[in-house]
Amino acid sequence: MKALVYRGPGKKEWTEAEKPKILKPTDAVIKVTKTTICGTDLHILKGDVPAVTDGRILGHEGIGIVEEVGDAVKNFKKGDKVIISCVTSCGTCDYCKKQLYAHCEDGGWILGHLIDGTQAEYVRTPYADTSLYHVPENVDEEALVMLSDILPTGFEIGVLSAKVEPGDVIAIVGAGPIGLSALLTAQFYSPSEIIMIDLDDHRLEVSKRFGATKTVNSSDGNAIQKVFELTDQRGVDVAMEAVGVPATFDICQKIISPGGRIANIGVHGEKVDLHIEELWIKNITLTTGLVSAYSTPMLLKTVEAKKVNPEQLVTHRFKLDEIMKAYDVFSNAAKEGSLKVILENE
């Protein structure tokens, strides 16, 4: 089969790879029909995730058709259409019993990280019964790809971690796919304002269509001042960091109001300065995390009911064997106007 293989920082290759096989009775092998590229994949290629080693097939999102299942798999069979969760859950360890599937003792985020991932014609999914979801009929397949990772990530690590409440004033720093996923799902809780902050005017315009009430272009270095102007010098109740660089985290800690909540969603590859000397007196809450995808079944229902439409995030479509071009487009988001890309395996 063909797959996208990591060759060290800054290097990737679309090449022949061994088709996955059933290794354990709880495994399934999936023919990938649609997959995508995540900002985390770009962090891997920068060298920010050293656990990813030369030869690893990248990718942790997608949908597909079950090709083969192990003897212990009960909920899925050959021919079933499935959503592949970015998080693998054994379902029985102490962390899984707490719904902390991200920290499963024999799983967690392993696809495209510690084992081969979904940017390939086929992928092996461990613990299929607790790591796959049946695809309902008559639901947009591109929306379902967004349920692999970014929609539950924005919701769980952003909205739920920050305990968004009706009437809250929210700022989301980063109007990329994760920030926009947080924007879409924050609206479940009727905040009074959602301020989107980004360097890119195109993404800010998109965020307005998705429900942002105000936008701030941070390219002039005055984002903090602008947020205070928009909030009568009060700051925000909730600040979500959705990029993963020191400058965006710093904006969050500077604009948060007393009693506020900072939810860090972004993947950080370098240290940030935590200004505890300013924050200790403000009674704030700071959360971090890796998605556990426990919300996927609920979010799937909202997508089925068209209460949220994550297919809006898709801006570009490619054949799977055009993945090198797709990475170029995704990596140059400002120039290309890209959000999420869909890669289709015919």
Side-chain angles (χ1 to χ4, degrees), residues 1-7 10-20 29-46 49 52 55-65 67 81-86 111-113 116-125 135 139-151 153-154 175-181 184 200 202-203 205-206 209-210 267 303 309-346:
M1 71 167 188
K2 285 291 192 77
L4 188 81
V5 176
Y6 176 71
R7 293 301 186 196
K11 300 175 184 177
K12 58 188 183 297
E13 181 183 15
W14 176 247
T15 187
E16 284 291 332
E18 185 177 353
K19 182 180 175 182
V29 172
I30 312 298
K31 179 183 179 182
V32 177
T33 54
K34 286 184 172 68
T35 186
T36 185
I37 303 168
C38 181
T40 304
D41 297 320
L42 300 186
H43 280 282
I44 290 170
L45 286 165
K46 284 169 60 181
V49 188
V52 180
R56 176 69 62 233
I57 296 172
L58 295 179
H60 51 267
E61 303 163 271
I63 61 172
I65 299 170
E67 178 91 352
K81 294 182 178 180
V82 294
I83 300 168
I84 304 162
S85 178
C86 64
L111 289 174
H113 178 208
D116 288 336
T118 59
Q119 289 170 9
E121 294 178 320
Y122 295 88
V123 64
R124 178 179 69 92
T125 300
V135 167
V139 176
D140 188 295
E141 289 190 348
E142 293 182 353
L144 298 176
V145 175
M146 304 301 109
L147 283 167
S148 285
D149 180 1
I150 64 163
L151 202 67
T153 295
I178 286 293
L180 292 171
S181 295
L184 288 171
D200 185 342
H202 170 70
R203 287 189 166 190
E205 284 301 314
V206 170
R209 298 203 307 269
F210 286 14
V267 176
V303 170
N309 300 295
E311 66 274 13
Q312 299 174 87
L313 295 164
V314 179
T315 56
H316 293 74
R317 296 162 181 86
F318 300 90
K319 298 286 190 285
L320 183 59
D321 62 9
E322 297 176 305
I323 194 166
M324 299 294 276
K325 180 181 178 183
Y327 260 91
D328 288 340
V329 169
F330 185 70
S331 301
N332 293 285
K335 176 185 174 184
E336 302 289 348
S338 59
L339 290 169
K340 290 296 280 186
V341 303
I342 287 289
L343 295 148
E344 185 167 6
N345 180 29
E346 295 181 333

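Along the sequence shown, residues carry numbers from 1.
In this structure the side chain of L184 never reaches within 4.5 angstrom of the side chain of M146, judged on heavy atoms. Counting heavy atoms from C-beta on, the side chains of V206 and H202 come closer than 4.5 Å. Using a 4.5 Å cut-off on side-chain heavy atoms (C-beta onward), Y122 and I30 make no contact. With contacts defined as side-chain heavy-atom distances shorter than 4.5 Å, the pair P20/M1 qualifies. In this structure, the side chains of V314 and L339 stay at 4.5 Å or more apart for every pair of heavy atoms. In this structure, the side chains of D321 and N345 stay at 4.5 Å or more apart for every pair of heavy atoms. Counting heavy atoms from C-beta on, the side chains of Y6 and L45 come closer than 4.5 Å. Residues F210 and N309 are not in side-chain contact: their nearest non-hydrogen atoms beyond the backbone lie 4.5 Å or more apart.
Looking only at distances, a side-chain donor or acceptor of D140 sits under 3.5 Å from a matching main-chain atom of E142. Proximity of a side-chain donor or acceptor of Q119 to a complementary backbone N or O of T36 within less than 3.5 Å is detected. In terms of modelled atom types and a separation under 3.5 Å, the side chain of T33 and the main chain of I63 share a donor-acceptor contact. R203 places a side-chain N or O within donor-acceptor distance of the main-chain N or O of S338, the cut-off being under 3.5 Å. Between the side chain of D41 and the backbone N or O of C38, at least one donor-acceptor pair lies under 3.5 Å. With hydrogens and angles ignored, the 3.5 Å screen pairs a side-chain donor or acceptor of S148 with a backbone N or O of G62. For the pair E322 (side chain) and K319 (backbone), a donor-acceptor distance under 3.5 Å is present.
Taking the charged nitrogens against the carboxylate oxygens, K34 and E344 do have a contact shorter than 4.0 Å, which makes a salt bridge. A salt bridge links E67 with K19; the closest basic N to acidic carboxylate O contact falls under 4.0 Å. Under 4.0 Å is where a charged nitrogen must lie from a carboxylate oxygen, and between E61 and K340 at least one such pair does. Comment: R56 engages D116 in a salt bridge, judged by a side-chain N to carboxylate O separation of less than 4.0 angstrom.
One distance of note links NE2 of H60 with CD1 of I37; it measures 11.0 Å at 0.5 Å rounding. Residue D149 holds its CG atom at 6.5 Å from OG1 of T40, rounded to the nearest 0.5 Å. For the atom pair CD1 (I150) and CD1 (I178), the distance works out to 5.5 Å, reported to the nearest 0.5 Å.
Scanning both residues, S181 and L313, for their nearest heavy atoms gives OG-CD1, 3.7 Å. Closest approach of L4 and Y327 over heavy atoms only: CD2-CE1, 3.2 Å. Between A333 and D200, the shortest heavy-atom contact is O-OD2, 4.4 Å. Listed here is the closest heavy atom pair of G112 and V52: O-CG2, 4.0 Å.
For H43, the ring-ring contact (aromatic ring centres under 6.0 Å, His included) criterion is met by no residue, not counting sequence neighbours.
The number of heavy atoms from other shown groups lying within 6.0 Å of NZ (K12) is above 12. Within a 6.0 Å radius of CD in E16, other residues, nucleotides and ligands contribute more than 12 heavy atoms.
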(request) Start with the C-alpha distance between L320 and W14, add both sets of side-chain angles, then the distance that settles side-chain contact (heavy atoms from CB on, under 4.5 Å), and finish with yes or no. (result) CA-CA 10 Å; L320 183 59; W14 176 247; 3.6 Å; yes

(request) In sequence, state the C-alpha distance, the side-chain angles, and the governing distance for K2 and T15, and then conclude on side-chain contact (heavy atoms from CB on, under 4.5 Å). (result) CA-CA 5 Å; K2 285 291 192 77; T15 187; 5.7 Å; no

(request) Would you sort out whether L111 and V123 count as a side-chain contact (heavy atoms from CB on, under 4.5 Å), showing the intermediate values? (result) CA-CA 9 Å; L111 289 174; V123 64; 4.0 Å; yes

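Each of V341, T118, I342 was scored for a side-chain contact (heavy atoms from CB on, under 4.5 Å) with T35, with one residue passing: T118.
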